Amino acid sequence: MLFDLRPKSRREEIFDRDEEFRELERSIERYPLTLLLGIRRVGKSSLLRAYLSENPGILIDCRELYAESGHIAREDLVRELQSKGILMQRVLSKFRLKLNLRFLEVEPRGASLREIFRELNEVGEKTGRFIIAFDEAQYLRFYGSRGGKELLALFAHAYDSLPNLRIVLTGSEVGLLHDFLGIGDYGSPLYGRVGGEVYVRPFDGETSKAFLKAGFKEAGVEVSEEDIEKAVSVLDGIPGWLVLFGAKYLEKGSFQEAMNATLEVAKGLIFGELSELEKRSRRYIGILRAIAMGYNRWSLIRDYLELKKMRTPEPRLHELLKNLKKMGWVEEKNGEYSLTDPLVKLALE
Ligand code: ADP
Ligand code: MG
């Protein structure tokens, strides 16, 4: 069902995205390391799960691991790999492969990630290749006590010496993921190791409309062209919001009720994300609010903050804006800032 709110997990369930799917395939063939990038709710996890439903590999949700305790311990990661390993054995049996995975038997506290990667590389010898995917991998900077350095060293080792392994990292906070990996940074264990990058972008207007139409058609519900256009003009092309609207429309049966409900849920989700952001600095919210109100240039944002009693020294403001770009909240073009997700503006009001 197109209007199913969960991430999709098979290719047939995914609308459009053939190009991105092929790019992902090509990148994984070519590079030991692939990054799958794009803002929240654009469809990265769906694409990745669909790919993994057709190829041997395992998927680790880093946000979930992080959320359990505010950091990621080796033991937690090992345990997660083990539980995914058990599921994977089942998947691989579809490929008529019987595996005897030693790492499933090991006590997590004593397990070595290198050993696990080596073993998965052996699986890859039999299956052609084996994919280890980390969803929302920017959270891996909370791994261990050294900002995730040990993991980067492990990835570098896999890159250089485990030819049948493929590592895929997704990231909603693109700049943070790049910073974490430090591929262009001498100090990083991954320095110089080129990877593939696949971008998933919001749908354009036409595709968004076609998406809604396809979803309603599938559900056997008729919706006027006008309602479809109105929905897209509010929600834009982020598939997660379009799906939510579609599901609400099926539930409520009227445009206005569906839209109200959609915005309600969206605001709730965005509030949660904004309050996380606010914990890091309340100036972030001030800046986003300024941009939402049309104060979209550097000097206007500075003046707005000052007016709101959040006077910010110039270097600090530069840094905050840079971070907001890295986290995917804002975009900048020729010195003009805008919000990447139009619903953030509604949530800020
Ligand atoms: P991300 O991982 O980028 O945050 P998800 O894969 O979780 O995004 O997608 C967000 C929501 O949008 C999910 O409900 C998913 O079902 C839906 N979705 C995203 N892209 C598509 C698509 N191409 N076709 C159908 N549904 C999609
Ligand atoms: Mg996701």
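Each ligand, and each atom within it, is numbered from 1 in the order the structure gives. Just so it is clear, the model here is predicted, and its values are computed rather than measured.
Ranked by closest heavy atom to atom 2 (O) of ligand 1, the top entry among G246, G171, A50, S45 is S45. Nearest residue to atom 16 (O) of ligand 1 from K8, E13, E20 is K8 (criterion: closest heavy atom).
The closest protein non-hydrogen atom to atom 6 (O) of ligand 1 is S46 OG, 2.6 Å. In terms of protein heavy-atom proximity, atom 14 (O) of ligand 1 is closest to L5 O, 2.7 Å. Among all protein heavy atoms, the one lying closest to atom 22 (C) of ligand 1 is F15 N, 3.6 Å. Looking only at heavy atoms of the protein, atom 21 (C) of ligand 1 is closest to P239 CB, 3.9 Å. The single protein non-hydrogen atom nearest to atom 11 (C) of ligand 1 is G240 CA, 3.6 Å, given as residue, atom name and distance. The nearest heavy-atom contact from the protein to atom 25 (C) of ligand 1 is F211 CE1, 3.6 Å.
At least one heavy atom of V243 sits closer than 4.0 Å to an atom of ligand 1.
Other members of the cluster containing Y186 are Y191, with ILVMFWY side chains joined at under 4.5 Å, either directly or via other members.
Residues R49 and D135 form no side-chain contact, since every pair of their non-hydrogen atoms from C-beta on lies 4.5 Å or further apart. In this structure, L65 and E80 have side chains that are in contact, with non-hydrogen atoms separated by less than 4.5 Å.
The shortest N or O to N or O distance between G43 and ligand 1 is below 3.5 Å. Taking any N or O of R41, backbone or side chain, at least one lies under 3.5 Å from an N or O belonging to ligand 1. Between E136 and ligand 1, a contact under 3.5 Å exists for no N or O pair.
Note on the Mg ion (ligand 2): protein N/O/S atoms under 2.8 Å are S45 OG.
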Using residues 244-256 as the side-chain source, report each donor-acceptor pair under 3.5 Å to any protein atom, sequence neighbours left out, with the distance given to one decimal.
from, atom 1, to, atom 2, distance (Å)
S254, OG, E257, N, 3.2
Q256, NE2, N260, OD1, 3.2

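Ring centers of F3 and F216: under 6.0 Å apart, within the cut-off.
With a 4.0 Å cut-off on non-hydrogen atoms, W241 does not touch ligand 1 at all. Looking at R17 against ligand 1, only its side chain comes within 4.0 Å, counting heavy atoms. The part of D4 lying near ligand 1 is the backbone, judged by heavy-atom distances below 4.0 Å.
With sequence neighbours left out, the ring pair (Phe, Tyr, Trp, His ring centres under 6.0 Å) criterion links F211 to F15, F203.
T207 and D16 are not linked by any side-chain donor-acceptor pair at a separation below 3.5 angstrom, with hydrogens and angles left out of the test.
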Legend entry - H178 and E197: CA distance, side-chain angles, deciding distance, side-chain hydrogen bond (donor to acceptor under 3.5 Å, both in side chains) verdict: CA-CA 11 Å; H178 277 143; E197 293 199 355; 2.7 Å; yes
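A cation-pi geometry, defined here as NZ or CZ lying under 6.0 Å from the six-membered ring centre and within 45° of its normal, holds between R11 and F21. A cation-pi arrangement is found for R201 relative to Y199, the charged atom lying closer than 6.0 Å to the ring centre and inside a 45° cone about the ring normal.
With respect to E306 and R302, no salt bridge is recorded, no charged nitrogen being found less than 4.0 Å from a carboxylate O. Taking the charged nitrogens against the carboxylate oxygens, R17 and E20 do have a contact shorter than 4.0 Å, which makes a salt bridge. Between E29 and R26, no side-chain nitrogen of the basic residue sits less than 4.0 Å from a carboxylate oxygen of the acidic one, so the salt-bridge criterion is not met. Note on E319 versus R316: salt bridge recorded, some NZ/NE/NH1/NH2 to OD/OE distance being below 4.0 Å.
For ligand 1, the atoms lying closer than 4.0 Å to a non-hydrogen atom of I14 are 22 (C), 23 (N), 24 (N). Each of the following atoms of ligand 1 lies closer than 4.0 Å to a heavy atom of F203: 23 (N).
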